[in-house]
K.L.:
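This is the structure, below, for whatever I ask next.
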Number of protein chains: 2
Amino acid sequence: MNHARLERQIGFIVEIDRLKRVMRQTLLTDRCRHENSAEHSWHIALAALVLAEYAEPPDLDLPRVVKMLLVHDLVEIDAGDTYCYDAEARRGQLARERQAAERVFGQLPADQAAELQAAWEEFEARESPEALFAAALDRLQPVLNNFYSGGAMWRKHGIRRQQVERRIAPLQTGAPVLWRYASGLLAEAVARGILADEDADALASS
Amino acid sequence: MNHARLERQIGFIVEIDRLKRVMRQTLLTDRCRHENSAEHSWHIALAALVLAEYAEPPDLDLPRVVKMLLVHDLVEIDAGDTYCYDAEARRGQLARERQAAERVFGQLPADQAAELQAAWEEFEARESPEALFAAALDRLQPVLNNFYSGGAMWRKHGIRRQQVERRIAPLQTGAPVLWRYASGLLAEAVARGILADEDADALASS
């Protein structure tokens, strides 16, 4: 056994415990608290198994999608979660995240650091079918949680339907069936008065 | 598109959000709070990718391990987390969990309900190499978190080294190298005074 190798691997596993403390804007469906990035990653990795038939093409490399989803937010350990509708915070995000990737993945033995950082880079590049499907799930789940928590965060931040539509655009190529489903959910949210339309006044925050 | 099928799949994905509210005895490494079962599932699914080389045999079906780990705690949505050292609470646990499996997985379309419930059953049976490795990771991670949080939960509940050793026994067959590593960590914990030995008086709780 190579003790130094195992020590690095264990060190990485202990380190990533910190992702459980990175909070997202999204609420749990019962609105009791905000969601963290670790449990979000679990949620969409399992969603990938359940919704794989809607990927384009449906026979893509599913374990590769799951691997990407399990690591896709690790950079937030250093870089924090950036709210997707906060244009100010998003500036410099990529540079912060790249630096974080070097440090966080760099705790692993070199071969595994390269492998998992490559998975993260592939996710970020959003070019392969696997990355497009992974991105689709990463965009779908907040829509579900926002919808089922009564649009609390949409209303709090005065988000409009058209902003969410732009946000979920990766679904169009990554999983068209899910894109149609999510679009229908947004229409329903507007009809229920929990998401504002561009033309309408913003809903009162609550 | 089969709307009823997709509705069931989405219903399941919304339902399992509740696992984020099931709390475990284990603390996060910085002791700020208890860990929940959703983020725990993420942690060990990613640990499976990092530690796969220590599985027996090392060329087992890793995606199958990951699938088991992603679903292994879903029954807790109904049955709750049962503290592994609480013999009283463990009575009746299997019956509760089996009933929960029927309901939770039963929200999916029949083919997927059968597939994911089979993954859970395989995990519970602990017979296949994949299930043994999955169980090993499920036992290793709390040891890491307990060790790195200064043994807070071991001390609070007056847990002895020999109890933890019995608990991590699945590591012996599922991942012998990790079993030796974990045993060394327990010896170190005793030496540091954060885990009591059978022969010694229990450590003062703190």
Side-chain angles (χ1 to χ4, degrees), chain A residues 1 3 5-10 12-21 28-30 32-33 35-51 53-54 62-64 66-67 69-71 74 108-109 112 115-116 119 137 140-141 144-145 147-149 177-178 180-181 185, chain B residues 1 3 5-10 12-21 28-30 32-33 35-51 53-54 62-64 66-67 69-71 74 108-109 112 115-116 119 137 140-141 144-145 147-149 177-178 180-181 185:
Chain A
M1 176 178 58
H3 277 285
R5 180 172 174 86
L6 180 53
E7 287 290 353
R8 288 186 78 115
Q9 290 162 325
I10 296 287
F12 174 81
I13 290 166
V14 172
E15 168 76 17
I16 65 175
D17 195 73
R18 294 171 58 197
L19 194 64
K20 301 169 187 170
R21 287 184 269 141
L28 302 196
T29 53
D30 77 338
C32 69
R33 63 166 171 82
E35 179 186 55
N36 70 60
S37 292
E39 62 198 4
H40 156 74
S41 300
W42 163 79
H43 204 171
I44 58 179
L46 185 41
L49 302 187
V50 169
L51 299 174
E53 66 202 77
Y54 306 110
L62 189 59
R64 188 176 178 133
V66 171
K67 181 198 276 188
L69 292 174
L70 290 175
V71 305
L74 282 179
L108 284 165
Q112 292 189 315
E115 179 195 338
L116 293 192
L137 297 164
L140 174 65
Q141 183 257 350
L144 295 176
N145 274 55
F147 182 86
Y148 285 98
S149 57
V177 170
L178 300 180
R180 285 195 292 279
Y181 183 87
L185 217 53
Chain B
M1 176 177 56
H3 277 285
R5 180 172 173 86
L6 180 54
E7 287 291 352
R8 289 186 77 115
Q9 291 163 323
I10 296 288
F12 174 81
I13 290 166
V14 171
E15 167 77 17
I16 64 174
D17 195 72
R18 294 170 60 197
L19 193 64
K20 300 169 188 171
R21 287 185 268 143
L28 302 196
T29 52
D30 76 339
C32 68
R33 64 167 170 82
E35 178 186 55
N36 70 61
S37 291
E39 61 198 4
H40 156 74
S41 299
W42 163 79
H43 204 171
I44 59 180
L46 186 41
L49 302 187
V50 170
L51 299 175
E53 68 201 77
Y54 306 109
L62 189 59
R64 188 177 179 132
V66 171
K67 182 198 277 187
L69 292 174
L70 291 175
V71 304
L74 282 179
L108 284 165
Q112 292 190 314
E115 180 197 336
L116 292 192
L137 297 165
L140 175 64
Q141 183 257 349
L144 294 177
N145 274 55
F147 184 86
Y148 285 98
S149 56
V177 169
L178 300 180
R180 285 195 292 279
Y181 183 86
L185 216 52

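Residue numbers start from 1 in every chain, and the chains themselves are labelled A, B, ... in the order their sequence lines are given, proteins ahead of strands. Quick caveat, the model's predicted, so the values are computed rather than measured.
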K.L.:
Looking only at non-hydrogen atoms, find the nearest pair between A:Ala38 and B:Glu39 and report the distance.
P.N.:
CB-CB, 3.9 Å
K.L.:
Which one of B:Lys67, B:Glu115, B:Arg33 has the most heavy-atom pairs closer than 4.5 Å to chain A?
P.N.:
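Ranked by contacts with chain A, first place is B:Arg33.
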K.L.:
Using non-hydrogen atoms only, which part of A:Leu69 is less than 4.5 Å away from chain B: side chain, backbone, both, or neither?
P.N.:
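Looking at A:Leu69, nothing touches chain B.
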K.L.:
Can you measure from CZ (B:Arg180) to OH (B:Tyr54) and round to the nearest 0.5 angstrom?
P.N.:
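Reported value, rounded in 0.5 Å steps: 11.0 Å.
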K.L.:
Identify which of A:Val14, A:Asp17, A:Leu51 forms the greatest number of heavy-atom pairs closer than 4.5 Å to chain B.
P.N.:
A:Asp17
K.L.:
Taking side chain to side chain contact (heavy atoms under 4.5 Å, CB included) as the definition, give me every residue that meets it alongside A:Arg18, ordered by chain and number, with sequence neighbours left out.
P.N.:
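Residues passing side chain to side chain contact (heavy atoms under 4.5 Å, CB included) with A:Arg18: A:Glu15, A:Arg21, A:Ile77, A:Asp78, A:Arg103.
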K.L.:
At a heavy-atom separation under 4.5 Å, does B:Leu144 approach chain A through its side chain, its backbone, both, or neither?
P.N.:
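It is the side chain, since no backbone atom gets that close.
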K.L.:
Can you say whether A:Gln141 sits under 4.5 Å from chain B via the side chain, the backbone, both, or neither, judging by heavy atoms?
P.N.:
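Contact with chain B: side chain only.
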K.L.:
If you tally heavy-atom pairs under 4.5 Å against chain A, which of B:Leu49, B:Leu46, B:Leu116, B:Leu140 wins?
P.N.:
B:Leu46
K.L.:
Need one label for A:Phe12: side chain, backbone, both or neither, based on atoms under 4.5 Å from any heavy atom in chain B.
P.N.:
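Side chain only.
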K.L.:
State whether the side chain of A:His43 and the backbone N or O of B:Ile13 hold a donor-acceptor pair below 3.5 Å, judged by distance alone.
P.N.:
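Yes, A:His43 side chain to B:Ile13 backbone: donor-acceptor pair under 3.5 Å.
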K.L.:
Which bit of B:Glu7 is near chain A, if near means a heavy-atom gap under 4.5 Å: side chain, backbone, both or neither?
P.N.:
side chain
K.L.:
Where does B:Leu74 contact chain A at under 4.5 Å (heavy atoms): side chain, backbone, both or neither?
P.N.:
side chain
K.L.:
If you take all heavy atoms of B:Asn36 and A:Asn36, which pair is closest and at what distance?
P.N.:
ND2-ND2, 4.3 Å
K.L.:
Could you report the tightest heavy-atom contact between A:Ser41 and B:Trp42, atom names first, then the distance?
P.N.:
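So the minimum-distance heavy-atom pair works out to CB-CD1, 3.5 Å.
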K.L.:
Given a strict heavy-atom distance threshold of 4.5 Å, which part of B:Leu108 is in contact with chain A: side chain, backbone, both, or neither?
P.N.:
side chain
K.L.:
Are any side-chain N or O atoms of A:Gln112 and backbone N or O atoms of B:Val50, one a donor and one an acceptor, separated by less than 3.5 Å?
P.N.:
yes
K.L.:
Given that the side chain runs from C-beta out, which part of A:Val66 has a heavy atom under 4.5 Å from chain B: side chain, backbone, both or neither?
P.N.:
side chain
K.L.:
Quick one: of A:Val71, A:Leu62, A:Leu19, A:Ile10, who has the most non-hydrogen atom pairs under 4.5 Å with chain B?
P.N.:
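So the answer, after comparing A:Val71, A:Leu62, A:Leu19, A:Ile10, is A:Ile10.
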K.L.:
Let's go through A:Val177 and A:Tyr181 carefully: what are the C-alpha distance in whole Å and the side-chain angles of both, what is the deciding distance for side chain to side chain contact (heavy atoms under 4.5 Å, CB included) to 0.1 Å, and is it a yes or a no?
P.N.:
CA-CA 6 Å; A:Val177 170; A:Tyr181 183 87; 5.7 Å; no
